[in-house]
Amino acid sequence: MSILTILEFPDRRLRTKARDVTVFDRSVTDLVEDMIETMYDYKGVGLAATQVNIHQRVIVIDTSEEKNSPLCLINPEILEKDGVEESEEGCLSVPGFFELVTRAEHIKLKARDKHGKPFEMEAGELLAVCIQHEIDHLDGKLFVDYLSPLKRRRIKSKLEKIHKQQGKKK
Ligand code: GNR
Ligand code: NI
């Protein structure tokens, strides 16, 4: 088990489109375990593999209060979307910023578990928001893309300033 490093906006690697998992072996279950540990360590409700610079379609989520119900979605596909809802979103790759984003209120999806077994599920509320947010990551998309160019630019320059102070590249 290990805690992975999370890429931060505006890192270009967050714009990579992830590929489907085709082989379900130990490397996938190990990745899922590390992603769950990383999500809990950073106190996030979800994490997409893209955020830890692994460009495969793997998501982990835990919206439970007790943080004891991790859900893993591999190769997720939204089948149906219903309703519209606006909620405040944050992202571990955009630390310290929270903004309103409009998404489908309720979704139906199919995915595979960490062993490759297919399943379908429905989601509403925070879980639905989170799944849509994580699938966006797999497509190289971030919640800041839904904001005005001005807001996005401000967030970008504030994070760049922080990264410079931290001595990070880009
Ligand atoms: O921890 C997170 N909280 C959150 C809150 C509202 C909408 C989406 C999220 S996901 C985020 C973790 C994260 O960045 N996942 O990619
Ligand atoms: Ni995120």
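Fair warning: this is a prediction, and the values are worked out from it, not measured in the lab. Counting starts at 1 for both ligands and their atoms, following the listed order.
- Between Ile131 and Leu109 the shortest side-chain heavy-atom distance falls below 4.5 Å.
- Taking a cut-off of under 4.0 Å to the non-hydrogen atoms of Glu88, the atoms of ligand 1 that pass are 6 (C).
- Of all protein heavy atoms, the one closest to atom 2 (C) of ligand 1 is Val45 CG2, 3.5 Å.
- Geometrically, ligand 1 and Gln51 share a nitrogen or oxygen pair separated by less than 3.5 Å.
- Tested against Val144, the residues Glu99, Arg152, Lys151, Glu89 include a single side-chain contact (heavy atoms from CB on, under 4.5 Å) partner, Arg152.
- Summary of contacts: the protein heavy atom closest to atom 15 (N) of ligand 1 is Glu134 OE2, 2.7 Å.
- Scanning Leu47, Leu92, Ile131, Val60 for the heavy atom closest to atom 14 (O) of ligand 1 points to Leu92.
- Close approach of ligand 1 to Gly44 is summarised as follows: ligand atoms under 4.0 Å from at least one heavy atom of the residue are 1 (O).
- No side-chain donor-acceptor contact under 3.5 Å links Gln51 to the backbone of Leu47.
- Atom 12 (C) of ligand 1 has as its closest protein heavy atom Gly46 O, 3.2 Å.
- Residue-ligand proximity, His137 to ligand 1, at heavy-atom distances under 4.0 Å covers atoms 16 (O).
- Comment: Asp145 does not engage Lys141 in a salt bridge, judged by the lack of any side-chain N to carboxylate O separation of less than 4.0 angstrom.
- Between the side chain of Arg15 and the backbone N or O of Gly140, at least one donor-acceptor pair lies under 3.5 Å.
- Per residue His137, closest N, O or S atom to the Ni ion (ligand 2): atom name NE2.
- Without hydrogens or angle criteria, Asp11 side chain to Arg13 main chain gives a donor-acceptor distance under 3.5 Å.
- Contacts with ligand 1 closer than 4.0 Å are made by no heavy atom of Met39, backbone or side chain.
- The existence of a salt bridge linking Glu86 and Arg103 is excluded, since no basic side-chain nitrogen approaches an acidic carboxylate oxygen closer than 4.0 Å.
- Scanning the protein for heavy atoms near atom 9 (C) of ligand 1, the closest one is Gly90 O, 3.5 Å.
- Nearest heavy-atom pair across Ser64 and Asn68 is OG-N, 3.3 Å.
- The proximity of Glu89 to ligand 1, defined as any non-hydrogen pair under 4.0 Å, involves the side chain as well as the backbone.
- Near Cys91, meaning under 4.0 Å from any of its heavy atoms, are these atoms of ligand 1: 14 (O).
- Looking at heavy atoms from C-beta onward, Leu142 lies in side-chain contact with His137 at the 4.5 angstrom threshold.
- Protein heavy atom in closest approach to atom 8 (C) of ligand 1: His133 ND1, 3.6 Å.
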